[in-house]
Number of protein chains: 2
Amino acid sequence: MSETKIQRLGDLQLKIMQVLWNRQEATVTEVHQNLEPGATLAYTTVATMLRKMEARGLVSHRSEGRSFVYFAIVAADTVTRGMADHLVDRLFEGSLTDAVSHLLSTREVSRDELAQLERLIANRKKSL
Amino acid sequence: MSETKIQRLGDLQLKIMQVLWNRQEATVTEVHQNLEPGATLAYTTVATMLRKMEARGLVSHRSEGRSFVYFAIVAADTVTRGMADHLVDRLFEGSLTDAVSHLLSTREVSRDELAQLERLIANRKKSL
DNA sequence: TAGGTATAACTACCAAAGTAATACTACCAA
DNA sequence: TTGGTAGTATTACTTTGGTAGTTATACCTA
């Protein structure tokens with residue numbers, strides 16, 4: 001019931017969430033190192049972000065020795081869905097078909113992907 | 001070539017763009033009145049926003065008498081695509097099928113919509 | 001010609017996201 | 001027992017989006 005609808009997450013916050021979703025939990029150092037190793041973010045940036053995210057109710061932590069071990073407290077699905085829905089609502093007035101149509105027409109799509117999509121739809125049809 | 005990639009627009013900005021895309025051009029008053037008539041935004045809020053959007057290169061204006069007539073200078077498609085792509089990239093690592101799959105599994109979909117989607121895909125297949 | 005009204009210009013806030021330096025603290029090792 | 005190090009805590013600054021009051025201006029009308 002207490003569905004926290006998250007419709008927007010900044011790029012960094014989302015990336016951090018993704019790290020946490022992948023490994024269940026992680027120290028600041030671990031998150032920092034896992035954030036696309038190419039990027040040069042200061043350690044404190046990540047720490048601050050995690051703090052802010054905790055304040056916002058996205059993550060939480062427990063202490064282990066003198067370190068904090070962070071973990072996500074909102075599910076990947078909840079966030080993904082919230083953001084996707086938000087976009088579909090904003091751009092396509094909630095129309096799923098419009099959204100998919102747009103994606104199909106502006107993106108490269110391989111024969112394989114199309115086949116996969118067909119299967120998806122067939123499946124969905126069955127469960128109706 | 002000078003494809004301005006717009007991957008993020010706030011809610012208000014997007015709504016304003018949508019008004020402009022719809023009516024080609026509009027004065028501040030017109031935009032203000034067309035922004036979902038229910039909402040009570042101050043006239044100056046809209047004016048300020050348009051100003052900021054002009055600075056950002058999203059819209060422009062010409063003078064007509066003592067009024068400004070604003071018009072979009074980025075196409076709806078460009079924005080829509082930029083935002084959709086951005087989201088697909090962020091949430092689904094660029095995978096179109098993952099994105100569609102997610103949409104299909106978390107949203108209500110009617111038989112009708114599924115049929116429509118099938119048609120879309122069939123069409124796309126032909127043009128491959 | 002004086003005053004109201006419409007409009008634009010300017011200024012000012014707030015919140016969220018991002019970024020990071022600096023300061024504090026506690027622990028381990030030499 | 002002291003100093004480096006790995007952590008957290010604090011503070012701060014920037015940008016962007018959103019919101020709007022206040023001021024200046026110019027035009028139209030009585």
Side-chain angles (χ1 to χ4, degrees), chain A residues 4-20 25-33 35-36 38-71 74 79 82-83 86-87 90-91, chain B residues 4-20 25-36 38-71 74 79 82-83 86-87 90:
Chain A
T4 314
K5 259 283 173 93
I6 284 127
Q7 338 95 310
R8 53 195 352 143
L9 260 200
D11 284 356
L12 179 57
Q13 297 196 13
L14 184 59
K15 278 184 209 141
I16 290 176
M17 289 309 287
Q18 281 162 348
V19 171
L20 294 181
E25 47 175 42
T27 62
V28 178
T29 305
E30 284 166 343
V31 171
H32 182 225
Q33 280 163 356
L35 282 174
E36 41 192 315
T40 39
L41 274 180
Y43 175 91
T44 49
T45 299
V46 179
T48 304
M49 212 57 232
L50 279 165
R51 225 165 272 282
K52 290 190 176 182
M53 289 165 74
E54 182 158 33
R56 192 181 161 189
L58 294 170
V59 305
S60 184
H61 79 272
R62 62 188 170 76
S63 287
E64 195 170 283
R66 54 220 136 73
S67 310
F68 285 2
V69 180
Y70 283 93
F71 48 91
V74 289
V79 173
M83 291 179 68
H86 187 57
L87 196 88
R90 298 199 321 153
L91 290 183
Chain B
T4 315
K5 259 284 174 89
I6 284 125
Q7 338 93 312
R8 54 193 354 146
L9 262 199
D11 285 356
L12 179 57
Q13 297 196 11
L14 183 59
K15 279 184 207 143
I16 290 175
M17 290 309 287
Q18 281 162 348
V19 171
L20 294 181
E25 46 175 43
T27 62
V28 177
T29 305
E30 285 166 342
V31 172
H32 182 225
Q33 279 162 356
N34 276 268
L35 282 175
E36 41 191 314
T40 40
L41 271 181
Y43 174 91
T44 49
T45 299
V46 179
T48 304
M49 210 60 231
L50 278 165
R51 224 167 274 283
K52 288 190 178 183
M53 287 164 74
E54 182 157 31
R56 190 181 163 189
L58 293 170
V59 306
S60 185
H61 79 272
R62 60 187 172 76
S63 287
E64 195 171 284
R66 54 221 137 73
S67 310
F68 284 3
V69 180
Y70 283 94
F71 47 92
V74 289
V79 173
M83 291 178 68
H86 186 57
L87 195 87
R90 298 201 317 154

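The chains referred to below are lettered A, B, ... by the order of the sequence lines, with proteins before strands, and numbering in each begins at 1.
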Should the pair B:His61 and B:Phe68 be assigned to parallel (<30°), tilted (30 to 60°) or perpendicular (>60°) ring geometry?
-> parallel
Mind checking the CE-CE spacing from A:Met53 to A:Met17? Nearest 0.5 Å is all I need.
-> 5.0 Å
B:Glu54 atom CD is separated from C:dA8 atom C1', nearest whole Å, by 12 Å
Before giving the answer on side-chain contact (heavy atoms from CB on, under 4.5 Å), spell out for A:Leu58 and A:Ile16 the whole-Å C-alpha distance, their side-chain angles and the decisive distance to 0.1 Å.
-> CA-CA 10 Å; A:Leu58 294 170; A:Ile16 290 176; over 6 Å; no
Give B:Ala47 one of three labels, base, sugar-phosphate or nothing, depending on what nucleic acid heavy atoms sit under 4.0 Å from its own.
-> nothing
A:Arg8 atom CZ is separated from C:dA17 atom C1', nearest whole Å, by 11 Å
Phosphate OP1/OP2 of C:dA8: any B:Arg66 side-chain N/O under 4.0 Å | no
Using a 4.0 Å heavy-atom cut-off across all strands, classify B:Ser67 as base, sugar-phosphate, or nothing.
-> sugar-phosphate
Partner nucleotide of D:dA9 by Watson-Crick or wobble geometry (both distances under 3.5 Å) = C:dT22
Length of the CZ-P vector between B:Phe68 and C:dA8, whole Å | 6 Å
Would you mind classifying the nucleic acid contact of A:Leu9 as base, sugar-phosphate or nothing, using non-hydrogen atoms under 4.0 angstrom?
-> nothing
Integer-rounded Å distance: C:dG18 P and A:Leu50 CG = 12 Å
At under 4.0 Å between heavy atoms, what does B:Tyr43 touch on the DNA or RNA strands: base, sugar-phosphate, or nothing?
-> sugar-phosphate
Rounding to 0.5 Å, atoms OG1 (B:Thr29) and CG (B:Asn34) come to a distance of 11.0 Å
Could you give the CZ-to-P distance, from A:Arg56 to C:dA16, as a whole number of Å?
-> 8 Å
Under a 4.0 Å heavy-atom criterion, DNA chain D is touched by chain B from D:dG17 to D:dC27
Measure the distance from CZ on B:Arg51 to P on C:dT11 and round it to the nearest whole Å.
-> 12 Å
Step-by-step side-chain hydrogen bond (donor to acceptor under 3.5 Å, both in side chains) determination, B:Arg90 to B:Gln7 | CA-CA 11 Å; B:Arg90 298 201 317 154; B:Gln7 338 93 312; over 6 Å; no
Report yes if at least one side-chain N or O of A:Thr44 is closer than 4.0 Å to OP1 or OP2 of C:dA21; otherwise report no.
-> no
Please work out if A:Thr48 contacts a base, only the sugar-phosphate, or nothing of the nucleic acid, heavy-atom cut-off 4.0 Å.
-> base
Starting at CG of A:Leu14 and ending at P of C:dG18, how long is that distance when rounded to a whole Å?
-> 9 Å
For the student: nearest non-hydrogen atoms of B:Gly57 and B:Val74, plus distance = O-CG1, 4.0 Å
When the distance from CE of B:Met49 to P of C:dA12 is rounded to whole Å, what number comes out?
-> 19 Å
Checking B:Gln33 side chain against B:Glu30 main chain: does a donor-acceptor pair fall under 3.5 Å?
-> no
